[in-house]
A.B. asks: 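One structure coming up, written as structure tokens, with questions to follow.
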Amino acid sequence: MQLKETIGYKTIVTWMAADGRQPFAFQEEAWQYILEGRSGLVNAPTGCGKTFSVFLGAVIDFINRHPDDYRTRGGNGLQLLWISPLRALAKDIGRAMEEVLAGLGMRWQVGTRNGDTDPAERARQKRKMPEVLIITPESLHLLLAQKNYPEVFKVLKVVAVDEWHELLGSKRGVQVELALARILGTRGGSGVSIIGISATIGNLEQAGEVLLASMHRGEGGFIVRAVIHKPIEVESIFPDEIEKYPWSGHLGLKLIHKVIPIIMSSRTTLIFINTRGMSETWYQSLLNICPDLAGAIALHHGSIDMELRTWVEEALHEGKLKAVVCTASLDLGVDFRPVETVIQVGSPKGVARFLQRAGRSGHQPGQVSKIWFLPTHSLELMEAAALKSAMQEGLIESREPMLLSFDVLIQFLSTLAISDGFYADELFRELKQTYCYSEMTEEEWREILHFITEGGEALHQYDEYRKVELMEGGLYKINSRRVAMRHRLHIGTIVSEPMLKVRWVSGGYVGVIEEYFISRMEPGETFTLAGRNLELVMIKDMTVLVRKSNARKSRVPSWNGGRMPLSANLGMMLRRKLDEAGLMLRAMLEGEEPVVDIELRVLQPLFELQAALSYMPRENELLIEQIETRDGYHLFVYPFEGRLVHEAMAALLAYRMSRITPISFSFAMNDYGFELLSDQPIPLDDANVYELFSPDNLTADIQRSVNSAEMARRKFRDIAVIGGLIFQGYPGEYAKARHLQSSAGLLFNVFAEYDPNNLLIRQAYNEVMEQQMEEQRLRNMLERVSRGQMVLRWPKQLTPFCFPLKVDSMREDLSSEKLEDRVRRMQAQLR
DNA sequence: GACCTGCTGCGGCTTG
């Protein structure tokens, strides 16, 4: 349009120049679209001003509309709604926005709205909304739970969804879809544009589609892609003698001494560890081998008290700390706090996550990002090579949007019912426009309405499940204040394990611990949290009281976190690297000097042993090893598809073989493969192997092979909580795990008996198939395998590939010391 | 329902 001529553009460019900022081409492109009132997605690497560009777009638009008085106006109503997945980010972004506005001499107010917004501020916002409101998806739904909420959006121009890639693929993303549909609904679908901000993902187009599904169709959204190439350097940390490095394990402490010089030679370092428990161990070990680091390093993970974490972030930022050992808790949120060096310990499981972490260093345009990779076992070194190639080829994972999440919908309906209520037909049309619910049938819709008003087939006898009233005139409404209040307490889709707070006897919080873990400890025993050894004094008022302990022995807690399997992209790349390694061995036999990744070269002795004892599979081959030991008959398979697929595959294979001959197995699996162990010979050979791995009848066979009812029962807990079927108690109240589990179990039974087709039960089964079994990926794998070659081998002894699986399956029977001894003996025998 | 390596993220209290 007339961007260049307006006062707004000139003002802003002048202002940016004075501030030493350079406008990027993609920013101007984004501004242009926003000025035209279009919707779309802005994609750029972190740290080059995505946020800035979208914010300025909205500002320029306003200036253009009010060129004469933009400096003096106030009380314009909500112009820009900024949705952010992190409340911690809200403050940072708000401050940055205020700075920009001050620079432009604009009188806009920036407000935040999330869990810690003080009630007085909320009341003020009710009277007068700031021009910019930064909000989380959950708080946005709380806003929709307020009477007269459409008033809030009356003059809204732009909704920005920050970090959309983080929300997409989760139920929080569905919440955003629902809120957007409703906001557009209040405006008759016009006058508001939606701008998503996203890092690069494999399905960017689809991400845009999901976000904009509720916009009037026909007009495709724009996608602005910043072509800013960020050089990334990956350097592996090698053991001195690869022959002596462990073949299994996940901790990686054997290489800790190589980390010290890296920390020392760098101003600030982040050390990413995969789990909270292991990060505690790493922190302690760093201090043990290098006491000089005391006071200069810190620990950061999701179960450490927020105050402490904030302090760590600040101290790192100010250069008071040299290094922080952390989990994914530092993946996001420190956008404005770059570090010099990043170390990744163990597999990052996916290309996108690795890229993200690498990007934490050299976080300025033009700088090189550098990341060190520390393998926790020998074979893991291959991942460094795979990650490098995957990054070069831009093989970033996709985020699959969720479909038909009825639990989130049921929650949403209650949200609307406690504010202004809704009319069924009108809302149905609106929902059908969202991506998540576009396939919802009228029958399902009627079932949902029946469920929220009458408790459905199974629960109609219980008053507490008849929440919503159908009023005269067709309005669905919740009139009970009690129900409304309870509902407000339960808005959100994140369901966590029951945790207890950990507090010093003398006051001050340390963090949180799982009820399950602490329930098995006695007063006087010691555990580790936030890098400290703590003696359990007592459990009182839902709080674990502790004092400092000098005990040498301390238990490191385990938290029951999510299990992130190796991504499909990284798995594919690993198979390719294995292929390259095989070619390397062959070429070297011919006396050539092949050019390969240094990691593969270092692993050469291991690969040679694998080739000698068994086989090095090509990319289109699936290696199956059968080995007899005194433990029994083992079958090892290596699809490199991540542990969830392997788990399902192991069960499937066991089931299919048991149809040939009655046989029972025990399983073990990791991200590279799985093991079946039996006390009788395993009926798998060249004649039947293709049939056993056939994709035919997959769904039916899977359902027969696993205890899907039990898995669905567990999934159902979260669904029941999100759908509002289980009241978890008032804030701070100790929600007993057993209570939660049993009420979910009870409900599941009631449904199974009286209403087995209930759509929440169906959803539980679907989630098991999609998330637990990764059915699509399993199917892809079987199809790939059936197109390729199966290679069966009968090694005389354990191979480098099967070793970690074998160790895993032994773990249950042996104490950790005994296990370590035995592993050492086993590995020595092989050399 | 357990821990076999298993992350992160949010929200909320009433009352005549």
Side-chain angles (χ1 to χ4, degrees), chain A residues 84-90 113-117 119 135-142 145 163 166-167 170-173 175 248-252 272-279 281 300-303 326-333 345-350 353 376-377 411 481-482 484-498 514-517 519-520 555-565 643-644 647 666-671 710-711 713-714 717 722 728-733 737-738 740-742 744-745 804-805 807-814 816 819:
Chain A
S84 161
L86 284 176
R87 59 176 181 199
L89 227 51
R113 175 70 169 256
N114 53 41
D116 51 25
T117 304
I135 200 165
T136 56
E138 287 80 5
S139 292
L140 180 53
H141 276 244
L142 279 162
E163 311 270 8
E166 281 292 333
L167 293 164
S170 75
K171 289 179 181 177
R172 298 185 80 199
Q175 281 187 298
S248 66
H250 302 279
L251 196 49
F272 281 103
I273 310 286
N274 279 344
T275 73
R276 286 168 276 188
M278 292 196 301
S279 73
T281 308
H300 192 287
H301 64 66
S303 292
C326 62
T327 62
S329 55
L330 277 188
D331 263 348
L332 288 166
V345 174
S347 170
K349 311 282 184 184
R353 188 174 298 110
T376 59
H377 59 263
Q411 183 186 101
R481 300 185 77 171
R482 195 178 100 98
M485 182 200 75
R486 284 178 159 221
H487 180 70
R488 276 198 192 89
L489 293 174
H490 276 62
I491 284 182
T493 59
I494 300 170
V495 184
S496 318
E497 294 299 316
E514 276 187 18
E515 182 208 337
Y516 174 70
F517 176 82
S519 68
R520 292 170 316 152
R555 291 178 61 190
V556 177
S558 71
W559 286 268
N560 222 344
R563 359 178 96 177
M564 21 176 186
R643 61 168 297 131
L644 294 179
E647 193 172 355
S666 61
F667 306 155
M669 70 287 295
N670 61 24
D671 275 326
E710 190 48 41
M711 296 170 97
R713 177 188 295 273
R714 282 185 209 175
R717 187 194 77 166
I722 294 171
Q728 280 189 296
Y730 291 94
E733 199 175 277
R738 223 174 288 129
L740 183 59
Q741 192 62 40
S742 66
L805 282 164
V807 171
D808 267 356
S809 66
M810 283 179 349
R811 206 179 295 272
E812 335 187 312
D813 317 326
L814 296 169
S816 56
L819 181 73

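Scope of the values below: all heavy atoms of this structure, side chains included, with no hydrogens, waters or symmetry mates. A note on names: the letters A, B, ... follow the listed sequences, proteins ahead of strands, and every chain is numbered from 1. Quick caveat, the model's predicted, so the values are computed rather than measured.
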A.B. asks: Whole-Å distance between B/dG12 P and A/N114 CG?
C.D. replies: 8 Å
A.B. asks: Whole angstroms only, please: what is the CZ-P distance between A/R113 and B/dC10?
C.D. replies: 16 Å
A.B. asks: From CZ of A/R713 over to C1' of B/dG1, roughly how many Å is that when rounded to an integer?
C.D. replies: 11 Å
A.B. asks: Who pairs with A/S139 by side chain to side chain donor-acceptor pair (under 3.5 Å), at least two apart in sequence or on another chain?
C.D. replies: A/T136
A.B. asks: Between B/dG1, B/dC7, B/dT5, spot the one nearest the side chain of A/R276, thanks.
C.D. replies: B/dC7
A.B. asks: For the pair A/Q411 (side chain) and A/G492 (backbone), establish whether a donor and an acceptor sit closer than 3.5 Å, ignoring hydrogens and angles.
C.D. replies: yes
A.B. asks: Pick the nucleotide of DNA chain B nearest each of A/A484 and A/G277; which residue has the one closer to the 5' end?
C.D. replies: A/G277
A.B. asks: From the options B/dG9, B/dT8, B/dA2, select the nucleotide whose nearest atom is closest to the side chain of A/L86.
C.D. replies: B/dG9
A.B. asks: So A/G115, base contact, sugar-phosphate only, or nothing? Heavy-atom distance under 4.0 Å.
C.D. replies: sugar-phosphate
A.B. asks: Return the nearest nucleotide to the side chain of A/D808; candidates are B/dG11, B/dC4, B/dT8.
C.D. replies: B/dC4
A.B. asks: Which sits closer to the 5' end of DNA chain B, A/M564 or A/R481, going by the nucleotide each is nearest to?
C.D. replies: A/M564
A.B. asks: Please report, rounded to the nearest Å, how far the P atom of B/dG12 is from the CE atom of A/M485.
C.D. replies: 13 Å
A.B. asks: What is the separation between atom CZ on A/R87 and atom P on B/dG12, rounded to the nearest whole Å?
C.D. replies: 9 Å
A.B. asks: Does A/S558 put a side-chain nitrogen or oxygen below 4.0 Å from OP1 or OP2 of B/dT5?
C.D. replies: no
A.B. asks: Taking only the side-chain heavy atoms of A/H301 (C-beta and beyond), determine which of B/dG12, B/dT8, B/dG1 contains the nearest atom.
C.D. replies: B/dT8
A.B. asks: Is the phosphate of B/dG9, meaning OP1 or OP2, less than 4.0 Å from a side-chain N or O of A/T493?
C.D. replies: no
A.B. asks: Tell me which one of A/R643, A/K349, A/R563 satisfies side chain to side chain donor-acceptor pair (under 3.5 Å) with A/D671.
C.D. replies: A/K349
A.B. asks: Heavy atoms from C-beta onward define the side chain here; which of B/dG1, B/dT5, B/dG9 lies closest to that of A/T275?
C.D. replies: B/dT5
A.B. asks: B/dC3 and B/dC7: how far apart are their P atoms, nearest whole angstrom?
C.D. replies: 14 Å
A.B. asks: Apply side chain to side chain contact (heavy atoms under 4.5 Å, CB included) to A/L89 and A/E163, showing your working.
C.D. replies: CA-CA 11 Å; A/L89 227 51; A/E163 311 270 8; 4.0 Å; yes
A.B. asks: Can you tell which of B/dG1, B/dG12, B/dT5 lies closest to the side chain of A/E497?
C.D. replies: B/dG1
A.B. asks: Contact class for A/R482 (heavy atom, under 4.0 Å): base, sugar-phosphate, or nothing?
C.D. replies: nothing
A.B. asks: By nearest atom, which of the nucleotides B/dT5, B/dG9, B/dC7 is closest to the A/I494 side chain?
C.D. replies: B/dG9
A.B. asks: Measure from the ring centre of A/Y516 to the centre of the six-membered ring in the base of B/dA2, then say whether that distance is under 5.5 Å and the planes meet at under 30°.
C.D. replies: yes
A.B. asks: Starting from P on B/dG9, measure out to CG on A/D116 and report it in whole angstrom.
C.D. replies: 14 Å
A.B. asks: Whole angstroms only, please: what is the CG-P distance between A/L489 and B/dG11?
C.D. replies: 13 Å
A.B. asks: Given atom CE of A/M669 and atom C1' of B/dT5, what is their separation to the nearest angstrom?
C.D. replies: 14 Å
A.B. asks: What is the nucleic acid contact for A/K349, judged by heavy atoms within less than 4.0 Å: base, sugar-phosphate only, or nothing?
C.D. replies: base
A.B. asks: If the C1' atom of B/dG6 is compared with that of B/dA2, how far apart are they to the nearest Å?
C.D. replies: 14 Å
A.B. asks: Mind checking the CD1-CD spacing from A/I494 to A/E138? Nearest 0.5 Å is all I need.
C.D. replies: 5.0 Å
A.B. asks: Kindly point out which of B/dC10, B/dG6, B/dA2 is positioned nearest to the side chain of A/E138?
C.D. replies: B/dC10
A.B. asks: Return the set of residues passing side chain to side chain donor-acceptor pair (under 3.5 Å) with A/T376 (not counting sequence neighbours), or none when no residue passes.
C.D. replies: A/E380
A.B. asks: Do A/R488 side-chain and B/dC13 base share a donor-acceptor contact under 3.5 Å?
C.D. replies: no
A.B. asks: Check every strand shown and say whether A/L142 touches a base, only sugar-phosphate, or nothing at a heavy-atom separation below 4.0 Å.
C.D. replies: sugar-phosphate
A.B. asks: For B/dT5, does either OP1 or OP2 sit under 4.0 Å from a side-chain N or O belonging to A/T376?
C.D. replies: no
A.B. asks: If you go through the side-chain atoms of A/R643, does one of them form a donor-acceptor pair with the base of B/dG6 closer than 3.5 Å?
C.D. replies: yes
A.B. asks: Looking at the base of B/dG11, is there any donor atom on it, or on the side chain of A/Q728, that sits under 3.5 Å from an acceptor on the other one?
C.D. replies: no
A.B. asks: Within a reach of under 6.0 Å around CZ of A/R482, are more than 12 heavy atoms found that belong to other residues, nucleotides or ligands?
C.D. replies: no
